[in-house]
Amino acid sequence: FRVGGDEFGLFLANTNHDATMHTVTRLELALREPFVYQEKLLAVRVSMGCGVQCASQTSAEGLLEQADAKMYMNKRRAGVRINHRSYWGK
C-alpha cells in the first residue's frame, strides 16, 4: 500500500524473521534491476526498514514508525543496502 509520496508499505502476516528477511532481500534485489517503462530504461534505488510485532509493539502505527526509523537509518548508510540487523527495530 502507498504510505505517501514515494513511500510504500508491505505487511507480512504469519511469518518469522528469516522468512521476512528472505522476502525483503528478494524484493530489494529485484528492484535493483533496471526495467523498461514507456521505451525508457529506468533504475530505482530503495531503502527499506522493517518493524516487528512483539509484546511491546502491537499497533500498526507503531510498526510503521519502527520501520520508518529503520528505513531512514538505512538511507543514511550510503553504500549499505542490505543489512539484516538494521532492518529490525530490536
Side-chain angles (χ1 to χ4, degrees):
F1 65 94
R2 188 173 190 167
V3 176
D6 62 351
E7 293 186 6
F8 296 85
L10 174 67
F11 282 100
L12 302 175
N14 302 316
T15 189
N16 61 32
H17 178 269
D18 291 340
T20 300
M21 290 317 306
H22 178 73
T23 300
V24 166
T25 301
R26 286 184 57 210
L27 180 59
E28 189 169 42
L29 291 173
L31 290 172
R32 281 186 185 176
E33 296 298 319
F35 60 94
V36 176
Y37 178 73
Q38 295 183 352
E39 299 181 17
K40 294 181 182 176
L41 186 63
L42 301 176
V44 297
R45 275 187 9 171
V46 297
S47 295
M48 293 189 224
C50 292
V52 61
Q53 185 175 6
C54 60
S56 65
Q57 186 57 266
T58 59
S59 73
E61 293 84 11
L63 291 171
L64 283 172
E65 287 174 10
Q66 193 180 84
D68 201 48
K70 291 298 176 181
M71 178 195 63
Y72 281 106
M73 184 180 82
N74 286 332
K75 277 186 174 185
R76 287 190 296 271
R77 293 180 178 193
V80 176
R81 288 287 163 227
I82 298 176
N83 181 336
H84 292 190
R85 282 184 222 146
S86 69
Y87 282 111
W88 292 88
K90 292 183 179 180

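Numbers for residues simply follow the sequence, beginning at 1.
- Here the CG atom belonging to Leu63 is positioned 12.5 Å from the CG atom belonging to Asp68, to the nearest 0.5 angstrom.
- If you take NE2 on His22 and CG on Asn16, they are separated by 11.5 Å, rounding to the nearest 0.5 Å.
- Across all non-hydrogen atoms, the minimal contact from Val44 to Leu31 is CG2-O, 3.2 Å.
- Follow the hydrophobic side-chain contacts under 4.5 Å out from Phe8 and you never reach Val24; the two are in separate clusters.
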